[in-house]
Peer 1: 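Would you mind keeping the following structure in view while I ask a few things?
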Amino acid sequence: MNTQHTDQSGARRATVTTPADNQILITREFAAPRHLVYRASTEPALIRRWYHANRAEFRSIEVDLRVGGAWRYEMTAHNGFEFSFHGEYREIVPDEHVVSTEIYSGVPDAEAINSLTLTEKDGRTFMEILVTHQSKEYRDAHLASGMEDGMQDALDLLESLARSL
């Protein structure tokens, strides 16, 4: 699988590939420096401004950004559906790399590992998010959930926010 998207202006959006039977790799370039993309990705007040992808409202957000610390996002979709994500931070290299677990409330037994890597060149940030699921079935269910449309919109909001900081 390899999907590439462009927005209405033709700018390249995130690319989604499946490098292994249980993995999803999301890559995207941002017109913002790495430290600002990292900041917008890790500070609760800033996460509230983009993660919803204009499809939900946050009910609560908790971020204990340290190895062994927990995170939790609770939201209500515009159609009234309530859901949450939570996990634990396993590795943190400020401005560069974060590894965390992620559990979606709708599938509480399916813990995934998210590995976020940020690199910078000429003031632009290259993001890689490798999502490793416990099985191909969980990965395929994740892909079939419609996550990609929301993720694309969320990453657009993230870029806009990072550029404004």
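For reference, positions follow the sequence shown, starting with 1. Computed over heavy atoms, backbone and side chain alike; hydrogens, waters and symmetry mates excluded.
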Peer 1: Using a 4.5 Å cut-off between side-chain heavy atoms of Ile, Leu, Val, Met, Phe, Trp and Tyr, which other residues end up in the same hydrophobic cluster as Leu130?
Peer 2: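 For the cluster that includes Leu130, the remaining residues are Leu25.
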Peer 1: Are any side-chain N or O atoms of Arg124 and backbone N or O atoms of Asp122, one a donor and one an acceptor, separated by less than 3.5 Å?
Peer 2: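 Not a single qualifying donor-acceptor pair exists.
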Peer 1: With a 4.5 Å cut-off on side-chain heavy-atom distances among I, L, V, M, F, W and Y, is there a chain of contacts connecting Met75 to Ile103?
Peer 2: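 Each belongs to a different hydrophobic cluster.
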Peer 1: How close do Tyr89 and Ala70 get, counting heavy atoms only, and between which atoms?
Peer 2: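 Residues Tyr89 and Ala70, closest heavy atoms: CE1-O, 4.0 Å.
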Peer 1: Got a second to check how far His142's NE2 is from Glu137's CD, nearest 0.5 Å?
Peer 2: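 One gets 15.5 Å once the value is rounded to the nearest 0.5 Å.
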Peer 1: Rounded to the nearest 0.5 Å, how far does CD of Glu62 lie from CD of Glu74?
Peer 2: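 Reported to 0.5 Å precision, the distance equals 7.0 Å.
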Peer 1: Mark yes or no for whether Trp71, through its side chain, and Thr101, through its backbone, hold a donor-acceptor pair below 3.5 Å.
Peer 2: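 Pair found, side chain donor or acceptor close to backbone of Thr101.
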Peer 1: Quick one: OG1 on Thr15 to CD on Glu29, what's the gap to the nearest 0.5 Å?
Peer 2: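 Separation between the atoms: 10.5 Å.
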Peer 1: If every non-hydrogen atom of Met127 is compared with every non-hydrogen atom of Ser41, which pair is closest and at what distance?
Peer 2: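 Where Met127 meets Ser41 most closely, the heavy atoms are CE-OG, 4.5 Å.
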Peer 1: Distance-only criterion, 3.5 Å: show the donor-acceptor pairs between side-chain atoms of residues 158-165 and protein atoms not counting sequence neighbours.
Peer 2:
| residue | atom | partner | partner atom | Å |
| --- | --- | --- | --- | --- |
| Glu159 | OE1 | Arg28 | NH2 | 2.6 |
| Glu159 | OE2 | Ala31 | N | 2.5 |
| Ser164 | OG | Leu161 | O | 2.7 |

Peer 1: Check whether Ser145 reaches the backbone of Met147 with its side chain - one donor and one acceptor, N or O, closer than 3.5 Å.
Peer 2: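 The answer is yes, because a donor-acceptor pair under 3.5 Å joins these two groups.
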Peer 1: Mark yes or no for whether Arg139, through its side chain, and Asp21, through its backbone, hold a donor-acceptor pair below 3.5 Å.
Peer 2: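 Yes: the side chain of Arg139 pairs with the backbone of Asp21.
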Peer 1: Going by side-chain contact (heavy atoms from CB on, under 4.5 Å), name the residues that satisfy it together with Ala77, two or more places apart in sequence or in a different chain.
Peer 2: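 In terms of side-chain contact (heavy atoms from CB on, under 4.5 Å), with neighbours along the sequence ignored, Ala77 is linked to Asn79, Phe81, Phe83.
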Peer 1: Let me check something: do Val98 and Met151 share a hydrophobic cluster, defined by ILVMFWY side-chain heavy atoms less than 4.5 Å apart, either directly or through other members?
Peer 2: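 In one cluster with Val98: Met151, yes.
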Peer 1: Should Ile26 and Phe126 be counted in the same cluster of Ile, Leu, Val, Met, Phe, Trp and Tyr side chains packed under 4.5 Å apart?
Peer 2: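 Unlinked, Ile26 and Phe126 end up in two clusters.
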Peer 1: Side-chain contact test, heavy atoms from C-beta onward, threshold under 4.5 Å: evaluate it for Arg90 versus Ile113 and give yes or no.
Peer 2: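 When only atoms from C-beta onward are counted, Ile113 and Arg90 do touch, with a gap below 4.5 Å.
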Peer 1: Will you find, in the side chains of Glu128 and Thr27, an N or O donor that is under 3.5 Å from an N or O acceptor?
Peer 2: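 Their side chains do not contain a donor-acceptor pair, so the 3.5 Å distance test is not met.
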Peer 1: Under a 4.5 Å cut-off applied to non-hydrogen side-chain atoms, are His133 and Ile24 in contact?
Peer 2: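 In short, these two side chains touch, coming nearer than 4.5 Å.
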Peer 1: Can you name the closest pair of heavy atoms from Leu155 and Ala14 and give their distance?
Peer 2: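 Smallest interatomic distance, heavy atoms only, reads CD1-CB, 3.9 Å.
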Peer 1: What donor-acceptor contacts under 3.5 angstrom involve side-chain atoms of residues 114-121, with partners at least two apart or in another chain?
Peer 2:
| residue | atom | partner | partner atom | Å |
| --- | --- | --- | --- | --- |
| Asn114 | ND2 | Glu102 | OE1 | 2.5 |
| Thr117 | OG1 | His97 | ND1 | 3.0 |
| Glu120 | OE1 | Arg34 | N | 2.8 |

Peer 1: Using the ring pair (Phe, Tyr, Trp, His ring centres under 6.0 Å) rule, collect all pairs that involve residues 30-57, keeping only residues at least two apart or in two chains.
Peer 2: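 Of all non-adjacent pairs touching residues 30-57, those that pass ring pair (Phe, Tyr, Trp, His ring centres under 6.0 Å) are Tyr51-Tyr73.
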Peer 1: Short question: side chain of Asn22, backbone of Gln134 - any donor-acceptor pair under 3.5 Å?
Peer 2: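 Side chain of Asn22 to backbone of Gln134, a donor-acceptor pair under 3.5 Å: no, none is there.
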Peer 1: Quick one: list whatever passes ring-ring contact (aromatic ring centres under 6.0 Å, His included) with Tyr138, sequence neighbours left out.
Peer 2: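 In terms of ring-ring contact (aromatic ring centres under 6.0 Å, His included), with neighbours along the sequence ignored, Tyr138 is linked to no residue.
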Peer 1: Give the intermediate values and the outcome of side-chain contact (heavy atoms from CB on, under 4.5 Å) for residues Arg13 and Asp153.
Peer 2: CA-CA 9 Å; Arg13 300 180 79 194; Asp153 291 345; 3.1 Å; yes
Peer 1: Can you name the closest pair of heavy atoms from Ala112 and Val131 and give their distance?
Peer 2: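 Closest heavy-atom pair between Ala112 and Val131: CB-CG1, 4.0 Å.
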Peer 1: Kindly compute the distance separating CG (Leu143) from OG1 (Thr18), expressed to the nearest 0.5 Å.
Peer 2: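 Here the rounded value is 7.0 Å.
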Peer 1: Whether the Glu57 and Thr76 side chains hold a donor-acceptor pair (N or O, under 3.5 Å, no angle test) is what I'd like checked.
Peer 2: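 Absent: no donor and acceptor within the cut-off.
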Peer 1: Locate the shortest heavy-atom distance separating Ile47 from Thr42; write the atom from each residue and the value.
Peer 2: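 The pair with the smallest heavy-atom distance is CD1-C, 3.8 Å.
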